[in-house]
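Just so it is clear: chains get the letters A, B, ... in the order the sequence lines come, proteins before strands, and each one is counted from 1. Keep in mind it's a predicted model, so treat the numbers as computed, not measured.
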2 protein chains.
Amino acid sequence: MSGDERSTAATQDSEEATAALAADGVQTVGNARPGGRTARTRAAVHKAVRELIEQNGETAPSILEVAARSGVHAATIYRRWRTPEALLLDVAVETVNEVSPIPVTGDLRADLTAYTHNLVTSTRRPGGLGFLNAMLTAARNPEIGPTGIQELVAPRLSHFQRMLDASGATELTPLDLFGLVLAPVYLGAMIGALPQAPDQTDREVAEIVDNVIAVRLYRSSPC
Amino acid sequence: MSGDERSTAATQDSEEATAALAADGVQTVGNARPGGRTARTRAAVHKAVRELIEQNGETAPSILEVAARSGVHAATIYRRWRTPEALLLDVAVETVNEVSPIPVTGDLRADLTAYTHNLVTSTRRPGGLGFLNAMLTAARNPEIGPTGIQELVAPRLSHFQRMLDASGATELTPLDLFGLVLAPVYLGAMIGALPQAPDQTDREVAEIVDNVIAVRLYRSSPC
DNA sequence: ATGCTAACGCGAATTGTGTTGCATTTTAGA
DNA sequence: TCTAAAATGCAACACAATTCGCGTTAGCAT
């Protein structure tokens with residue numbers, strides 16, 4: 001958040017998708033004015049949401065709570081985000097893009113290990129399942145639909161593609177990584193299967209990465 | 001639902017877990033009386049929930065809607081299930097146990113293929129993501145906690161264990177299947193990555209099963 | 001069959017959530 | 001600087017969700 005008030009500048013190429021969906025409540029009919037006060041209230045609301053999540057753990061904050069904490073009037077929040085789910089999704093997407101970079105060094109195992117370790121750690125934090133929940137809610141929302149979800153996911157998938165390209169892993173697709181890394185980590189966290197001790201985290205991460213390697217090997221030569 | 005009114009008889013060993021958590025609103029202080037009318041209203045409510053899900057797709061029904069449709073008074077539903085989430089979870093767990101059997105023939109690939117195919121198909125139905133959502137909500141509920149979730153999942157895991165035992169796949173654990181099969185299918189359905197054409201389903205299923213085989217081979221001999 | 005009481009139905013009361021009209025402030029452009 | 005309109009604050013409002021008290025029904029044990 002630093003000193004700059006304009007929090008509109010999120011991360012990399014995922015911004016359009018975020019703006020297109022999450023903050024869809026905005027009336028951009030005439031000439032929009034995203035600067036100044038608008039950015040300021042947006043930042044205040046986001047900040048309040050993050051703090052509330054930090055406090056309350058997995059219990060999602062209501063719009064009324066966010067309004068009280070941020071000092072922004074509830075009607076304003078309703079007008080801009082429409083529903084608590086949309087607000088949470090907006091914050092979640094922005095947070096993920098800030099917090100979970102996808103490394104591209106050319107060493108597949110190293111990249112995957114770094115990314116997975118980061119992912120596992122983040123799912124343990126209070127509200128760590130918030131992103132999954134926000135995505136799932138969006139996926140179940142008929143207003144958004146499959147197309148909308150894919151727009152949200154697309155930038156992450158393309159980053160995975162870069163990681164794979166850099167290491168020459170042509171046997172794998174971004175969707176494979178999604179299924180072999182993201183999916184088990186999130187659902188593992190969900191059923192509380194992830195180890196709590198930090199030293200066991202490394203073993204868990206290594207196992208997941210090994211699975212990816214195993215699939216890659218199997219596809220290149222089904223011995 | 002057949003002719004029998006007592007829907008209390010669910011499936012296999014997952015019943016205790018269901019009763020212990022989902023229907024926790026029941027006052028079992030004195031001498032309980034789960035038969036007769038109680039079972040009848042429970043059946044009516046469950047039936048209404050299923051029908052509403054079938055109609056409305058992914059949009060979760062409210063308690064008021066369920067009350068209207070089932071003919072059971074809303075206050076009664078509130079008293080027994082406390083929240084819509086608990087009700088949905090109750091129905092979801094029961095449905096899964098009825099709809100998704102875990103085959104045990106001794107042939108790992110065959111068992112996995114049958115199970116996965118069933119799973120993929122069920123996630124496509126209206127409300128197919130309802131179970132995932134119900135579990136996730138439960139996982140995020142502090143009242144339930146990690147212990148509660150594990151109780152819900154335990155019976156399924158033990159079934160997976162039987163499947164693995166029968167085929168001598170000692171390299172794999174039930175959690176592996178959870179991470180390699182359940183997780184990717186659910187999250188794949190979530191981001192709309194699953195193919196829609198029925199003939200592509202087989203390819204998708206085969207790919208997932210192959211992944212499991214690959215991991216098993218890799219662990220038995222990391223060539 | 002008879003009594004005890006859990007479970008239910010009913011309707012009112014309460015709370016919480018989301019909407020709308022209007023005055024005021026603030027932004028972006030002329 | 002000045003102006004049109006976008007964004008916000010405010011308060012009243014409409015509506016849905018949840019709880020409560022109380023009388024009635026119906027399992028279950030005796």
Short question: side chain of [X], backbone of [Y] - any donor-acceptor pair under 3.5 Å?
X        : Y        : result
B:Thr116 : B:Thr113 : no
B:Glu58  : B:Pro126 : no
A:Asn133 : A:Leu129 : no
A:Asp176 : A:Thr173 : yes

Charged N to carboxylate O below 4.0 Å: is that the case for A:Arg82 and A:Glu143?
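Salt bridge flag = no for A:Glu143 with A:Arg82.
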Could you check whether B:Arg50 pairs with B:Glu54 (Lys NZ or Arg NE/NH1/NH2 to Asp/Glu carboxylate O, under 4.0 Å)?
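Salt bridge flag = no for B:Glu54 with B:Arg50.
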Tell me the bend of the helix from C:dA1-D:dT30 to C:dA30-D:dT1 as the angle between end helix axes, each from five pairs, rounded to the nearest 10 degrees.
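Axis angle across the helix from C:dA1-D:dT30 to C:dA30-D:dT1, nearest 10°: 50°.
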Could you tell me how far apart [X] ([atom1]) and [N] ([atom2]) are, to the nearest whole angstrom?
X       : N      : atom1 : atom2 : result
A:Arg37 : D:dT8  : CZ    : C1'   : 5 Å
B:Arg40 : D:dT25 : CZ    : C1'   : 11 Å
B:Glu85 : D:dA17 : CD    : P     : 12 Å
B:Arg82 : D:dT18 : CZ    : P     : 12 Å
B:Leu64 : D:dT19 : CG    : C1'   : 13 Å
A:Ile63 : D:dA16 : CD1   : C1'   : 16 Å

Measure across A:Arg69 and A:Ala48 and return the closest heavy-atom pair with its distance rounded to 0.1 Å.
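Heavy-atom minimum between the residues: CG-CB, 3.7 Å.
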So which pairs with a foot in residues 183-193 of chain B pass salt bridge (charged side-chain N to carboxylate O under 4.0 Å, His left out), sequence neighbours left out?
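Residue pairs with at least one partner in residues 183-193 of chain B: there are none.
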Ignoring backbone atoms, test whether [X] places a side-chain nitrogen or oxygen under 4.0 Å from the OP1 or OP2 oxygen of [N].
X       : N      : result
B:Arg80 : C:dC8  : yes
A:Arg79 : C:dT20 : no
A:Thr41 : D:dT8  : yes

Near-strand residues of residues 70-78 of chain A, defined as heavy-atom separation under 4.0 angstrom from DNA chain C
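The answer is A:Ala75, A:Tyr78.
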What I'd like to find out is whether the side chain of A:Thr41 reaches to under 4.5 Å of the side chain of A:Arg80, using heavy atoms alone.
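Yes, close enough: below the 4.5 Å cut-off.
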